[in-house]
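Reckoned from all heavy atoms, side chains included, excluding hydrogens, waters and symmetry mates. Fair warning: this is a prediction, and the values are worked out from it, not measured in the lab.
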Amino acid sequence: MEASSAGSSISAVTGGKAKPHQPEGTEDLQVNQLETQIWIKPDVQKTDVDFSEILNAIQEIAKDVNIFFDELEGVNSPSKDDDSLLHHGNLTSTSDDASRLEVVGEEVPDKNKANGLYFRDGKCRIDYILVYRKSNPQTEKREVFERNIRAEGLQMEKESSLTNSDIIFVKLHAPWEVLGKYAELMNVRMPFRPFNPFTAGAPCILVRCCFLNGHFIEINGRSRRSRRKIYYLHRRYKFMNRIEKQISRFRGWLPRKPMKLDKETLPDLEENDCYTAPFSQQRIHHFIIHNKDTFFNNATRSRIVHHILQRVKYEEGKNKIGLNRLLSNGSYEAAFPLHEGSYRSKNSIKTHGAENHRHLLYECWASWGVWYKYQPLDLVRRYFGEKIGLYFAWLGWYTGMLFPAAFIGLFVFLYGVTTLNHCQVSKEVCQATDIIMCPICDKYCPFMRLSDSCVYAKVTHLFDNGATVFFAVFMAVWATVFLEFWKRRRAVIAYDWDLIDWEEEEEEIRPQFEAKYSKKERMNPISGKPEPYQAFADKCSRLIVSASGIFFMICVVIAAVFGIVIYRVVTVSTFAAFKWALIRNNSQVATTGTAVCINFCIIMLLNVLYEKVALFLTNLEQPRTESEWENSFTLKMFLFQFVNLNSSTFYIAFFLGRFTGHPGAYLRLINRWRLEECHPSGCLIDLCMQMGIIMVLKQTWNNFMELGYPLIQNWWTRRKLRQEYGTQRKTSFPQWEKDYNLQPMNAYGLFDEYLEMILQFGFTTIFVAAFPLAPLLALLNNIIEIRLDAYKFVTQWRRPLASRAKDIGIWYGILEGIGILSVITNAFVIAVTSDFIPRLVYAYKYGPCAGQGEAGQKCMVGYVNASLSVFLVSDFENRSEPTSNGSEFSGSPLKYCRYRDYRDPPHSPVPYGYTLQFWHVLAARLAFIIVFEHLVFCIKHLISYLIPDLPKDLRDRMRREKYLIQEMMYEAELERLQKERKERKKNGKSYHNEWP
């Protein structure tokens, strides 16, 4: 690099502490203990210079280039190796840092032996654990399997359990040669040696860049540090700089980002900021390898070992392959990677640092004290893998987007509370002491005053008021905005986590598919290699059988709902004749409440059956890859559980009280049971009860099963260990023993977590017009859910295998389907279930303000009386005639009673025929559904069109990175060829001098 353009020739090494010059308006750069090294010419000696002179010189060189980098703080902190921030000043039990190993010398292997993360020699790190019992008869299969494991190059060590001599732990370690071989086969992306375009061709170390006061500044950290991703922006104008200064001053008055985690407690995740490329042994000189033991992190090492175990044979035969089959037939009891030590520490993380990444995750993520802070997603991804990291990224994004929905829903509810005393309809219901309603069931149900349903009318107004339609439109738009912005957020995460180029073809074929169709092979059109092939006829036949099974199970769900309907019909008469006055007077509410609880129990029982059926049908289809298997299983389970959970809700929303007939001509089920009617105040209160009870019970049950059950199991295990071996002995257990006593992760991975949230999303959007508080309940649950899941992953479960994923898979398509369905259902809820349309028709057509174009509360006077029809009591059927004659109301038998419908009086030319108002209401309902759906769908599509899937700055960064990577590869290859050429010349010259 030439320094003449800066006005002086600089060839210096600056060590110790240096404080850089800070131009006005820039952030406070704390450059403490920063070792800065700059080579100008190879033959120039190093001298000490002032740091400000270096900055001025470099600013003059690159005055027309602006570079933006993701986190400015990282520029000024001392660069560290892989795990050096975990425990400041001391070697942690899980640290693999090479520099620390050099310092402590031979003490490290002895310490590694005690922490339970290494072999007995203290040098080979345990990458995977297999567990079996000596008493298990599958000895021969295990021996063949373990012999083939050694043949693949894996190192193995066995050790008996300290608590049970029958249990044997098999510790596996992958040497460098095995890791390199399979990393290349699996296309594992690793940090790539970058190229500095400003120092091309000069023998200097790579520089570090930051954006400071509109100039391009390069600062060198330690030579071991890999470089960050950077991208270029245009020069900013002075006007924009002034605005930024004013904004920064305003921010200075506000709290300093209370929701962000303290940077001092987080490790510098250098892998996220490095250029990466698929690992290749032939181009190994292009990768940043400081220490072969720490080049592949623990999660990657475990993933590679698991890949090997899935393809090792345990017996002769094409189906006798893979670890999963040995786990299913009982040859091995468990298989898991190790946690990185204990999640607790006697010392404070603020003063002594984190003991390991698990401890760091517990303090910064799983602890209840940080419930209001952002999640450390990079650390979650590094420890658990991209798949789990994406789940928590999506869950955090969903929870954040629930804040505006919960606020608007609470506003709608509070609007109903504030306008309750001014609601003309509820006033008329509460004052209608002279209106006697017909019995709602046969014989045992008595006549009742309309004023007895005053409380239910007021509660209905809280959810069914003038703001309901606005909220339904808002939630439909909210669902679209949520999905569109999630696509943008996912794109940013995929770029940061190097998932942009990770495609489906990199996935391995499932061992079961490979064994089933190994006889039929065809050339892969992409790789050109032969692979197993499933014939089209075979695939179609399996899909037809699977679809038939799905249809049958949905019919089972409908049959269960039919049983609930019969229960409601039969029970309402029983409760009406109950001895207790409280239940007798509220027979319909008691019927609805008990039916919902029974329905919930049936839902939980059928879920167990659905899981087994979905697993059988998915395996019958023989999916090709793991992602195809997961997508197929997910779709089946979602269909089963969605229909199971929402079928009764759909019945209450759209069928309850709609096809009952009228007094004297009731429609009956199997010509025996009279269909259930709505409450005199409407059916919306039943829908609210159904949604509220199911939502609360489902979330409570899920949280208990996810966290409470593992807590109880682990507590019982610890209690037995304390009783048998005492507290001191338990603390000395090796890590594999502690992890074995934890609960295994769900066999279907993140399926249960996603399914719970997707079903909640359905409740939040599909029937939100009937229950505006659903987003608020979902928000409160999710704030707890994030920490519950984090605590479960870190403390209660064995460490899951780190898996890669580019997105949330088929769940996104399901979310889009729910968003479309929510528009339709909310249109029907407003038009059919609520009284919004009948009130609107009355106000504009039949009320006191008819023809005036007004629809205020004064225009609703007389609505209750207009919405009730008259029935002659003597026209009752014999089997539905009530036992009471209603003399308790007026002292004489009743002649007439009222019921909810738009029908002619009994003495009209067509008794009990539909009135003109009924047809007006029906036409208005159909028109509202069509207009509402088309309007909302147009808004959804417009928003989807206006919001690009990929942010513009991210698109520029990707293009810039692609260009720089090409330059890096070219320069690195050119440098290698130049070195080889020099070596050949040197060798040729020495060879020539040896001979006369």
Side-chain angles (χ1 to χ4, degrees), residues 394-395 398-399 401-410 412-413 462-464 468 471-472 474-480 482-483 557 561 592 595-597 599-600 602-604 606-607 637-654 656 683-703 705-706 752-785 811 814-830 833-834:
W394 176 83
L395 181 57
Y398 170 46
T399 303
M401 289 293 291
L402 278 174
F403 274 96
F407 175 78
I408 299 298
L410 182 61
V412 172
F413 179 79
L462 299 180
F463 302 101
D464 184 15
T468 304
F471 186 57
F474 170 81
M475 287 303 297
V477 174
W478 172 87
T480 302
F482 162 65
L483 294 177
V557 176
V561 175
T592 302
V596 172
C597 294
N599 184 35
F600 175 76
I602 293 176
I603 289 172
M604 294 295 104
L606 287 179
N607 284 344
M637 282 297 294
F638 172 76
L639 287 176
F640 291 157
Q641 295 213 20
F642 181 81
V643 175
N644 188 25
L645 189 65
N646 293 282
S647 54
S648 57
T649 309
F650 272 89
Y651 164 75
I652 293 175
F654 305 127
L656 178 63
C683 294
L684 198 66
I685 187 66
D686 294 318
L687 184 59
C688 292
M689 288 182 60
Q690 174 80 12
M691 291 188 61
I693 294 176
I694 290 293
M695 194 170 184
V696 172
L697 289 180
K698 189 80 167 60
Q699 292 179 348
T700 304
W701 176 260
N702 287 337
N703 290 336
M705 292 302 296
E706 287 183 7
D752 287 340
E753 280 71 21
Y754 271 118
L755 181 63
E756 177 187 357
M757 291 295 102
I758 298 300
L759 293 176
Q760 182 202 89
F761 180 80
F763 263 99
T764 306
T765 55
I766 292 179
F767 294 104
V768 73
F771 194 56
L773 292 179
L776 179 61
L777 295 180
L779 174 63
L780 298 177
N781 175 80
N782 287 6
I783 293 175
I784 301 173
E785 180 76 20
W811 294 112
I814 293 175
L815 288 171
E816 285 187 324
I818 292 176
I820 294 173
L821 181 63
S822 66
V823 177
I824 301 173
T825 53
N826 282 307
F828 276 89
V829 166
I830 296 173
T833 310
S834 73

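Under the rule for a side-chain hydrogen bond (donor to acceptor under 3.5 Å, both in side chains), the partners of E753 that lie at least two apart in sequence or sit in another chain are K792. By the side chain to side chain contact (heavy atoms under 4.5 Å, CB included) test, A774 pairs with M695, F771, sequence neighbours left out. Remark: N644 pairs with N607 by the side-chain hydrogen bond (donor to acceptor under 3.5 Å, both in side chains) rule, at least two apart or across chains. Listed by chain and residue number, I550, L635 satisfy the side chain to side chain contact (heavy atoms under 4.5 Å, CB included) test with L639 (two or more places apart in sequence, or in another chain). F638 meets the ring pair (Phe, Tyr, Trp, His ring centres under 6.0 Å) test with F642; sequence neighbours excluded. Partners of F413 under the ring pair (Phe, Tyr, Trp, His ring centres under 6.0 Å) rule, at least two apart in sequence or in another chain, are F463. Partners of A770 according to the side chain to side chain contact (heavy atoms under 4.5 Å, CB included) rule, which considers only residues two or more places apart in sequence or in another chain, are L684, L687, V829. Here Y651 pairs with nothing under the side-chain hydrogen bond (donor to acceptor under 3.5 Å, both in side chains) rule; sequence neighbours left out. Annotation: ring pair (Phe, Tyr, Trp, His ring centres under 6.0 Å) contacts of F763 (sequence neighbours excluded): none. Every side chain to side chain contact (heavy atoms under 4.5 Å, CB included) that I820 has, sequence neighbours left out, goes to F937. Considering only residues two or more places apart in sequence or on other chains, T649 meets the side-chain hydrogen bond (donor to acceptor under 3.5 Å, both in side chains) condition with none of them.
Annotation: side chain of F761 is in contact with side chain of F482 (closest heavy-atom distance under 4.5 Å). Within the 4.5 Å cutoff, no side-chain heavy atoms of M475 are placed close to those of N826.
I758 contributes atom CD1, which lies 6.0 Å from atom CD1 of I818 (distance to the nearest 0.5 angstrom).
Within the structure, every pair that satisfies the side chain to side chain donor-acceptor pair (under 3.5 Å) test and touches residues 770-782, not counting sequence neighbours, is listed here: N703-N781, Q760-N782.
Between F650 and F767, the two ring planes are perpendicular [angle over 60°; tilted spans 30° to 60°].
Summarising the geometry of A405 relative to F471, their closest heavy-atom pair is O-CE1, 3.8 Å, with the distance given to 0.1 Å. Of all heavy-atom pairs between G409 and L773, the closest is O-CD2, 4.4 Å.
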